Amino acid sequence: MSKILYEGKSKIIYEGPDEKSVVMYYKDTATAFDGKKKEELTGKGKLNSEISGIIYNYLTQNGIETHLIKILDDNSELVKRVEVIMVESIVRNVAAGSFSRKYGVPEGTALKNPTTEFSLKDDALGDPMINNSQITALGIATAEELDFMTEQSLKINKLLCDLLEKAGIRLVDYKLEFGRYEGRVILCDEISPDSCRFWDIKTNEKLDKDRFRRDLGNVLGGYENVLGRIKDVK
Ligand code: TYD
């Protein structure tokens, strides 16, 4: 096994075959509430890896540069070695979670336009929302990088909504991460039921990590459902 460069809550990053790449391994650990709730869900890593792989390949085919080089095995991908930008880009199509709590909007309310926001990637601080001038003031990213990330996030939103609608899934909201690579900003991390809210388009049944956060049971049943539906949609 190669050297571990970094171990996070749900992934391990191993040294890659060269300086420009690393191996990203999806763990079975499920965490929520900035790591305060934690459980092993056997098979989650494989499911997220496959779901994210399908989505990243689809995004690549549609002109979005991502870190994915190739899928190596059930739980691992070879990815470009990026310098992660320490903010998360959150896009919402339907009110849920922190948006509903903060602004008093019932969960499930369709938004008149997609919203974008950044939050600081810092569990100890609870990933607080942060605005563009605060991010540039702290030297975390430049205004140009932030504009590009927002623009890409919205492009990705259109592509994902298209794909998921065909699979009978409502894309409620999700989180993206970006990194610097050879002078460009590219999509990294994962897009999976861990980082998105996916609802059944007809019944609004939750098929994502809210099953774990809210103790709804059959967490992996939701993830398997998502995989089964997006597998054959193109
Ligand atoms: P949000 O509603 O802000 O937070 P919470 O899950 O605490 O209610 O989350 C919006 C979307 O972004 C949701 O699909 C979960 C995802 N997300 C992450 O995957 N990781 C994060 O650290 C944050 C803040 C959000």
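Only a predicted model underlies this, so the values are computations on that prediction, with no experimental measurement involved. Each ligand, and each atom within it, is numbered from 1 in the order the structure gives. Numbering starts at 1 and runs along the sequence shown. We use all heavy atoms of the structure for the numbers below, so side chains are in, but hydrogens, waters and symmetry mates are not.
- The protein atom (non-hydrogen) at minimum distance from atom 21 (C) of ligand 1 is Glu88 OE1, 3.2 Å.
- Using a 4.0 Å cut-off between heavy atoms, Lys209 makes no contact with ligand 1 at all.
- Using a 4.0 Å cut-off between heavy atoms, Asp208 makes no contact with ligand 1 at all.
- From Asp122, atom CG reaches atom CD of Glu88 across 10.0 Å, with rounding to the nearest 0.5 Å.
- The shortest N or O to N or O distance between Asp127 and ligand 1 is under 3.5 Å.
- The CD atom of Glu165 lies 11.5 Å from the CD1 atom of Ile169; values are rounded to the nearest 0.5 Å.
- No N or O atom of Glu117 sits closer than 3.5 Å to an N or O atom of ligand 1.
- Within the 4.0 Å heavy-atom cutoff, Arg92 counts among the residues contacting ligand 1.
- The part of Arg101 lying near ligand 1 is the side chain, judged by heavy-atom distances below 4.0 Å.
- Atom numbering of ligand 1 starts at 1 in the shown order; those under 4.0 Å from a heavy atom of Arg213 are 6 (O), 15 (C).
- Cation-pi geometry between Lys206 and Phe198 is not met: the NZ or CZ atom fails to fall both under 6.0 Å from the ring centre and inside 45° of the normal.
- Atom 3 (O) of ligand 1 has Ser98 OG, 2.6 Å as its closest protein atom, hydrogens excluded (heavy atom only).
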